[in-house]
Amino acid sequence: MLHHIIRDERLTIAQAARRLGVSHDTVRFVLQDQPAPPSEAKSAQWERGATIRRARAALPREKFTRLYLDEYRSLKWIAEHVDVNAEAIKVLVREYGMTRDGKTTRWRQIDLDWLRDQRAAGRTCRELAEETGFSLGMISYLGRRHDLPGSHPGRAGLTSETQTSCD
């Protein structure tokens, strides 16, 4: 009963003593003499290696390959979506022996013809960034680098026909 009051109801020792009608010294003595067993959920979650086991269970090699190599998701993003820490995801990268090209080559994974068609259809860079998982800056950079349609009214010295940045 005492452990339930302290742990589940989150009462202080003084509050628990008042509720039980005993002194706070008595409560303290009982807690020191008979400490509460670790809670089930917390002990299972913090057990050594439990996080990595949860990551392995949530991310078999095929799924992890899709997210990490094919979709080029960040370790942080993957960790957040499977509710583990990034360190556990780094362990999986090592276990699965995965490497990928650096960020500088990531833009090559987007179909520039598709991007050009989307911009010509009037889609904003913000929409395209959200859909592709690229940053707004990267979509804007690709627009400037590959002369994609679009306008940026604040660019001095350019007419509206030659402006190719994102809005």
Side-chain angles (χ1 to χ4, degrees), residues 1-20 22 24-115 117-119 123-143 145-146 166:
M1 173 90 172
L2 175 60
H3 298 304
H4 168 75
I5 291 172
I6 298 288
R7 178 179 289 151
D8 298 337
E9 297 183 31
R10 297 176 189 235
L11 296 182
T12 65
I13 290 176
Q15 292 168 332
R18 274 194 298 276
R19 180 176 290 179
L20 296 172
V22 297
H24 69 278
D25 288 330
T26 304
V27 171
R28 187 173 290 124
F29 174 78
V30 169
L31 290 174
Q32 286 176 340
D33 190 49
Q34 302 170 11
S39 67
E40 292 295 322
K42 190 171 185 177
S43 66
Q45 190 172 16
W46 293 103
E47 178 188 341
R48 185 173 186 86
T51 304
I52 295 168
R53 282 194 298 278
R54 282 197 331 257
R56 279 189 204 111
L59 294 167
R61 183 182 295 269
E62 298 78 30
K63 183 176 181 180
F64 189 75
T65 300
R66 181 176 49 82
L67 293 173
Y68 186 65
L69 297 178
D70 299 340
E71 295 180 15
Y72 220 89
R73 299 291 183 174
S74 70
L75 297 180
K76 181 180 176 186
W77 186 93
I78 295 169
E80 288 171 356
H81 281 78
V82 296
D83 196 30
V84 296
N85 60 36
E87 293 304 313
I89 301 301
K90 289 178 185 177
V91 169
L92 290 185
V93 169
R94 287 190 299 272
E95 283 182 3
Y96 294 158
M98 294 189 179
T99 59
R100 65 180 182 191
D101 295 332
K103 291 181 181 179
T104 57
T105 60
R106 181 169 180 224
W107 65 268
R108 294 184 183 127
Q109 295 180 348
I110 193 166
D111 181 0
L112 294 174
D113 291 330
W114 174 85
L115 190 58
D117 293 342
Q118 297 300 310
R119 288 295 293 147
R123 293 196 58 198
T124 66
C125 287
R126 189 169 308 282
E127 292 171 338
L128 294 171
E130 289 173 5
E131 181 175 330
T132 61
F134 284 90
S135 69
L136 181 59
M138 178 55 85
I139 297 293
S140 180
Y141 166 77
L142 290 172
R145 180 176 173 141
H146 298 285
C166 290

Undergrad: Nearest 0.5 Å, please: how far is CD1 in Ile139 from CZ in Arg123?
TA: 10.0 Å
Undergrad: Hey, does the side chain of Thr132 reach the backbone of Leu128 with a donor-acceptor pair shorter than 3.5 angstrom?
TA: yes
Undergrad: If you measure from CG on Leu142 to CZ on Arg119, what distance do you get to the nearest 0.5 Å?
TA: 11.5 Å
Undergrad: Going by salt bridge (Lys or Arg N to Asp or Glu O under 4.0 Å), name the pairs with one or both residues in residues 59-69, residues two or more places apart or in two chains.
TA: Arg66-Glu71
Undergrad: Which residues satisfy the salt bridge (charged side-chain N to carboxylate O under 4.0 Å, His left out) test with Glu130, sequence neighbours excluded?
TA: none
Undergrad: Out of curiosity, Met138 CE to Cys125 SG, how far, rounded to the nearest 0.5 Å?
TA: 12.5 Å
Undergrad: Output all residues satisfying salt bridge (charged side-chain N to carboxylate O under 4.0 Å, His left out) with Asp33, sequence neighbours left out; order by chain, then residue number.
TA: none
Undergrad: For the CZ atom of Phe134 and the CG atom of Leu115, what is their distance to the nearest 0.5 Å?
TA: 9.0 Å
Undergrad: Once you round to the nearest 0.5 Å, how far does OG1 of Thr65 lie from CE of Met98?
TA: 3.0 Å
Undergrad: Once you round to the nearest 0.5 Å, how far does NZ of Lys90 lie from CD1 of Ile78?
TA: 12.5 Å
Undergrad: Please name all residues satisfying side-chain contact (heavy atoms from CB on, under 4.5 Å) with His24, sequence neighbours left out, ordered by chain then number.
TA: Ile13, Ala17, Arg28
Undergrad: Does the His81 side chain pair with the main chain of Trp77, one donor and one acceptor, at a distance under 3.5 Å?
TA: yes
Undergrad: Quick one: do Leu69 and Phe64 satisfy side-chain contact (heavy atoms from CB on, under 4.5 Å)? Show the steps, please.
TA: CA-CA 8 Å; Leu69 297 178; Phe64 189 75; over 6 Å; no
Undergrad: Evaluate side-chain contact (heavy atoms from CB on, under 4.5 Å) for Val82 paired with Ile89, printing each intermediate quantity in order.
TA: CA-CA 10 Å; Val82 296; Ile89 301 301; 4.2 Å; yes
Undergrad: With sequence neighbours excluded, tell me which residues meet side-chain contact (heavy atoms from CB on, under 4.5 Å) with Ala14.
TA: Thr12, Arg18
Undergrad: Give the intermediate values and the outcome of side-chain contact (heavy atoms from CB on, under 4.5 Å) for residues Leu59 and Tyr68.
TA: CA-CA 11 Å; Leu59 294 167; Tyr68 186 65; over 6 Å; no
Undergrad: If the condition is side-chain contact (heavy atoms from CB on, under 4.5 Å), which residues does Ala88 pass it with, not counting sequence neighbours?
TA: Thr51, Ile52, Ala55, Val84, Asn85
Undergrad: Might you point out which heavy atoms bring Arg56 and Leu92 nearest each other, and give the distance in Å?
TA: CG-CD2, 3.5 Å
